[in-house]
Amino acid sequence: MQGNIAQNKAVAMDIKDVLQLTSEARFIAGLQAKDKEGVLAEMADALLAGSPITNKETILEMLKSREALGSTAVGPGVAFPHGRTLAAQNLIIVVARSQAGVDFDSMDGGPTHLFFMLIAPPQDTGNQYIRSLAVLTEKMQAPALREAALKAADYAAFCQVLTEGQG
Amino acid sequence: MNRQLALLVSIQNLELQLRDAQDETKAKALEAMGFPMSVEKIQRDIAGLLEQIEPRHRSYYLRLKTRFENPVVPVWDGHCTGCFANVPTAFTSVTNVNRVMSCESCGRILFQP
């Protein structure tokens, strides 16, 4: 089902396209945060670094209101905090990991280790936001890939794991 | 940021979520990924935030909403992103940082993103 969402579009996106929307500066190899609010704040800091967006509160309020609709920790050990905001001019992705895991109100009740934050603008060309989300949620269903992504030594290795499958 | 302005920005962000929730294709795609969007919940949240807005700001916002899809807009590069008119430099001055300001050209409520 999720594969169809990513593929049944005029212009297909793959994981390499999605990774173009993030960068090493927006990759947190080891989160310091121990709770959901802290994770969102730490990831918002990474989002703001090198960005014209200066108002962190606006981003956090949006993410919290989205989480209030239902937790975005839908995959085993993976969360996808996301939403649209007036403050974004283009789609930005922040990636973070926590070896210890964080209680992110996941569906299965377990700790969340991998986080993909998608911040989308009000309008996005070609529905890039939802297509990126579809690619990531589908990709992160593979247990071996999740494990390899968590163990990857650095950002380059992390990207390699995602693009090459099992790593 | 001024608390009233922050609430107005939050309302506008929720309006964006509502737009996705009301778009059948997007809502179905999000639900298939495990992110169901409740139109009713978003509408309730918007109503709850609107109640916290001072009457003068609320009535101004609701009046703008009848004219524009985006009554609250960010200022990028000194321009209102609703009508692209120049925004006076006073917008960013310290004395105005705690005020709800609107575009002199189109009237939209402005914020620094």
Side-chain angles (χ1 to χ4, degrees), chain A residues 1-6 8-9 48 51-76 78-89 106-108 118-124 127 129-138 140-141, chain B residues 1-3 5-21 23-46 48-49 52 68-82 92 97 108-113:
Chain A
M1 185 70 175
Q2 287 171 343
N4 291 338
I5 296 160
N8 288 347
K9 298 290 172 187
L48 265 54
S51 160
I53 304 171
T54 55
N55 197 317
K56 184 176 164 184
E57 286 311 308
T58 302
I59 301 292
L60 284 177
E61 279 297 319
M62 181 277 288
L63 289 167
K64 285 177 194 170
S65 68
R66 177 63 192 86
E67 290 294 325
L69 291 175
S71 176
T72 58
V74 294
V78 193
F80 306 89
H82 64 269
R84 290 191 196 276
T85 172
L86 296 168
Q89 289 179 298
S106 65
M107 303 288 180
D108 62 5
L118 287 84
I119 304 297
Q123 316 274 357
D124 63 320
N127 208 16
Y129 157 48
I130 290 175
R131 287 160 57 208
S132 299
L133 201 48
V135 169
L136 286 169
T137 51
E138 183 187 11
M140 299 315 294
Q141 282 179 10
Chain B
M1 186 188 279
N2 172 295
R3 180 63 189 152
L5 182 57
L7 287 169
L8 288 163
V9 172
S10 291
I11 289 169
Q12 196 61 50
N13 281 336
L14 280 169
E15 292 281 357
L16 298 175
Q17 317 289 351
L18 183 62
R19 210 171 59 194
D20 282 346
D23 180 315
E24 199 179 335
T25 308
K26 288 178 184 171
K28 274 186 180 170
L30 287 165
E31 189 170 355
M33 288 180 247
F35 309 116
M37 306 278 279
S38 163
V39 169
E40 293 74 21
K41 168 83 168 77
I42 300 171
Q43 286 172 332
R44 276 200 307 275
D45 289 350
I46 290 172
L49 291 180
Q52 298 176 48
F68 305 117
E69 191 181 80
N70 53 347
V72 183
V73 293
V75 173
W76 287 115
D77 299 326
H79 292 88
C80 162
T81 51
T92 51
V97 87
R108 287 181 176 91
I109 296 163
L110 302 172
F111 76 101
Q112 196 71 50

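Chain A is the first sequence line, chain B the second, and so forth, proteins listed ahead of strands; every chain is numbered from 1. Predicted, not measured: the structure shown is a model, and the values here were computed from it.
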Distance check, rounded to the nearest 0.5 Å: B/T25 atom OG1 versus A/N127 atom CG?
8.5 Å
Testing the basics here: between A/M107 and B/G34, what is the closest heavy-atom pair and its distance to 0.1 Å?
CE-O, 4.0 Å
Side-chain donor-acceptor pairs of residues 71-79 of chain B under 3.5 Å, sequence neighbours excluded:
from, atom 1, to, atom 2, distance (Å)
B/H79, ND1, B/D77, O, 2.8
B/H79, NE2, B/N86, OD1, 3.0

State, yes or no, whether a side-chain contact exists between B/M33 and A/F80 at a heavy-atom distance under 4.5 Å.
no
Taking the side chain as everything from C-beta on, heavy atoms only, tell me whether A/L133 gets closer than 4.5 Å to B/L30.
yes
Taking B/R19 for the side chain and A/P122 for the main chain, is one N or O donor matched with an acceptor at less than 3.5 Å?
yes
Scan B/L14, B/N13, B/L16 and name whichever one has a side-chain contact (heavy atoms from CB on, under 4.5 Å) with A/R84.
B/L16
Taking C-beta and beyond as the side chain, do B/V9 and A/E57 meet within less than 4.5 Å on heavy atoms?
no
Of all pairs that satisfy salt bridge (charged side-chain N to carboxylate O under 4.0 Å, His left out), the ones with a partner from residues 31-43 of chain B, not counting sequence neighbours:
B/K41-B/D45
Which atoms of B/N70 are under 4.5 Å from chain A, going by heavy atoms: the side chain, the backbone, both sets, or neither?
neither
Heavy-atom proximity to chain B below 4.5 Å, by part of A/A68
both
Straight-line distance of A/S65 OG to B/I11 CD1, nearest 0.5 Å
11.0 Å
Which heavy atom in A/T54 sits nearest to a heavy atom in B/Q112, and how many Å separate them?
OG1-CG, 4.5 Å
Once you round to the nearest 0.5 Å, how far does CG of A/L86 lie from CZ of B/F111?
4.5 Å
